[in-house]
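A, B, ... follow the sequence lines: proteins, then strands. Residue 1 opens every chain. Predicted model, so just to flag it, every value in this text is computed and none were measured.
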2 protein chains.
Amino acid sequence: MASIQDVAQLAQVSTATASRALSRPDMVASTTRDRVLTAARELGYQPNVIARSLRQGETRTIGVIVTDILNPFHAQLAKGIQDAADRHGYTAFLFNSDEDPTKERRALDTLRGHLPQGLIIVPTSGARENLQALSGVPTVELDRVTGNPDVTTVTADNATGALAATRHLISLGHTRIGMIVGQQDISTATLRHDAYRSALEGAGLPYDPALVLPGNHREDDGHRAALRLLTLPEDRRPTALFIGNNEMTVGAVLAARALNLSIPGDLSIIGFDDSRWAQTMNPPLTVVAQPTYDLGTQAAEQLIRQLRHPRDGPPLHIQLSTTLIVRHSTSAPHPTAPVYTH
Amino acid sequence: MASIQDVAQLAQVSTATASRALSRPDMVASTTRDRVLTAARELGYQPNVIARSLRQGETRTIGVIVTDILNPFHAQLAKGIQDAADRHGYTAFLFNSDEDPTKERRALDTLRGHLPQGLIIVPTSGARENLQALSGVPTVELDRVTGNPDVTTVTADNATGALAATRHLISLGHTRIGMIVGQQDISTATLRHDAYRSALEGAGLPYDPALVLPGNHREDDGHRAALRLLTLPEDRRPTALFIGNNEMTVGAVLAARALNLSIPGDLSIIGFDDSRWAQTMNPPLTVVAQPTYDLGTQAAEQLIRQLRHPRDGPPLHIQLSTTLIVRHSTSAPHPTAPVYTH
DNA sequence: GTGAAAGCGCTAACAT
DNA sequence: ATGTTAGCGCTTTCAC
């Protein structure tokens, strides 16, 4: 590959001048500039960013770690980040943690060697510790937060979304509303769970721990949990389910089908996070939608702003709003279902 | 960040020895090795891969360009590649072309500056020309091929899959089978189309160009094309549809629903490429499944093998088999539908 | 406005 | 077995 030396030689200037002509055109006489640019074009010159990075101590690279690129939610975050980073001349390095703190740690180590100038991470439960490996690198926590107060965060308004979801079910007349909730040490899971609880209590309904089952964000977990909830004795079985993330919702819907429960006749279901699947399934799913792509772009914009203006005020906490989209998977509870008493 | 100099100093050796102790442990006395390793651990030393790459002329990096990371098919390819690359100590740099040759070109240019040692690409229609920018870099064409004979390819057996799909419809008794086919200059599209045609002709059925509509791989295109095919006069309307990729299938199913056609009663549908959505939609979709994740890992394995043994024989063309999965979106044509005559 | 030269962190000759 | 040194390609002082 043509180096800047080749360009300089062809243009009959020193490498210093060639470099200037290419990166700071106004520092060089217009005639030499033209000679250099022509030579560069002719040779198909592409700067070696490795060498440049080493010299400048800036890689123009940001690291991105999401927990599961196969989850459309995360794919969309990643796309938002990449598009925004690209607009600002940064290259995004994408890694997967698969929700596994050990893999997250490895990704961070690998990343570290590449000297990213910033990091955007959807943290796993082990992130708080893992992130010490990259302390000093400006970081944005995306979607979830570890609780580190020094870090910029970009999240959706989980509390309001979960509140709206639960209240929607309550307003339809449901009194036994189950929830399938994500891992306890993931901020989004606890926020959604807390909001669910306070919506119930705000409406004077009891919070029944037996109707709240944990899951590890995967389809399987949702399936298992839903199966348990839906096979409770008739008078204790929930008439509605609020499910904490998109993948688990898939599992829950399939569990309901397996049990031959009609949606929403026998069971109302509301999911968190919209998706292609939610829109096209039968019946279309009522969901709390998140501005997924925007979460990604915001994270990138905030990070890059921070790179340009280091220590410019305290870390920001951006929160984007969520929207309840009522489709057809929620309705009033089945008239024959026993009414809640006591 | 701690450099190898810091490690050397702490271990009281030269940087050369420190380097050897870390990368070629057996070239160094065990006592010094231990001193160096301890020092490295103590300082949390992580080699600067930028400097190493510059020195060695090898970045241990491979470039990956897919056309649409939001498409689960491509997300899965990417995951397969990343997992395999990781196992071999390579880092994958992921880019999106969004099916746009111009973006593909930009991705290649950016990539070039990072000196990837190899490239895995799902080519767009402009790839043949674009790839000249990276000539000299070992390349694997994945899923689709540009026709360049010097390049390793990893593809699914599109012809057999499309043949099986069409024959399945024929064996159910369909005689007017429509197809929605991808862009003409994409190899997978033409292979699937040709197989469709030869299955028809092999069964003595006419190939009717009016029943074959093109689409640009997106949901919208599938929707539009299906709408046109399904609103043909009753005696010309296809009773079955074979659709050339997963996204367009979504559009076609929604179009059928919009027209109040029941699947498979009024219309049989078969898609190419399986997905979460295909399995959970109602009715579950009959599809030609591809070994998506394996396509990705194979591409990475082949590329890495090639990096280890340069010019070791002619380029390989790996083809993984596809599977017809019969679910419930296909059945015999509706008895009241007019039978094909003439 | 341009050139000479140093140096980013690392590793591979080449010494010893 | 270990140290000395050069150099990967680039940018940036520092001279002129």
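- The side chain of A:Ser3 approaches D:dG9 more closely than any other nucleotide in the set D:dG9, C:dT11, D:dT11.
- Nucleic acid contact for A:Arg24: sugar-phosphate only, since backbone atoms but no base atoms lie under 4.0 Å from a heavy atom of the residue.
- In terms of position along DNA chain D, the nucleotide closest to B:Thr15 lies nearer the 5' end than the nucleotide closest to the other residue of the pair A:Ala2 and B:Thr15.
- With D:dT2, C:dA4, C:dT11 as the candidates, the nucleotide lying closest to the side chain of B:Arg20 is D:dT2.
- Remark: P of D:dG9 and CD of A:Gln9 are 14 Å apart, rounded to the nearest angstrom.
- Of the N and O atoms on the side chains of A:Gln302 and A:Thr152, not one donor lies less than 3.5 Å from an acceptor on the other residue.
- The CD-P distance, from A:Gln56 to D:dC8, rounds to 19 Å in whole Å.
- In this structure, CG of B:Leu22 is placed 10 Å from P of C:dC10, rounded to the nearest angstrom.
- B:Tyr45 has no side-chain polar atom (N or O) that falls below the 4.0 Å cut-off from OP1 or OP2 of C:dG9.
- The distance from atom CG of B:Asn48 to atom P of D:dC8 is 18 Å, rounded to the nearest whole Å.
- In this structure, A:Arg20 contributes its side chain and A:Val28 its backbone to no donor-acceptor pair below 3.5 Å.
- Per the geometry, CE belonging to A:Met27 stands 13 Å off P belonging to D:dC14, to the nearest Å.
- When the C1' atom of D:dG9 is taken as reference, atom CZ of B:Arg112 falls 15 Å away, rounded to whole Å.
- If you take CG of A:Leu115 and C1' of C:dC8, they are 11 Å apart, rounded to a whole angstrom.
- Here A:Arg52 reaches the OP1 or OP2 of D:dT11: one of its side-chain N or O atoms lies under 4.0 Å away.
- Atoms CD1 (A:Ile4) and C1' (D:dT11) sit 8 Å apart, rounded to a whole Å.
- A:Ala29 comes within 4.0 angstrom of the backbone, heavy atoms only, and of no base.
- The minimum heavy-atom distance linking B:Val7 with B:Val36 is given by the pair CG1-O, 3.8 Å.
- For A:Arg55, the listed nucleotide lying nearest its side chain is C:dC8; candidates were C:dC8, D:dT4, C:dT11.
- Residue B:Thr17 places no side-chain N or O under 4.0 Å from the OP1 or OP2 atom of D:dT2.
- When heavy atoms are screened at a 4.0 angstrom cut-off, B:Ser53 is found touching no nucleic acid atom at all.
- We find that B:Asp83 and A:Lys103 are not joined by a salt bridge, their nearest charged nitrogen and carboxylate oxygen being 4.0 Å or further apart.
- Counting non-hydrogen atoms under 4.0 angstrom, A:Val13 reaches the backbone sugars and phosphates but no base.
- In summary, the side chains of A:Thr67 and A:His74 do present a donor paired with an acceptor at a separation below 3.5 Å, with no hydrogens or angles considered.
- Out of C:dG1, D:dG3, D:dC8, the shortest distance to the side chain of B:Leu54 is found at D:dC8.
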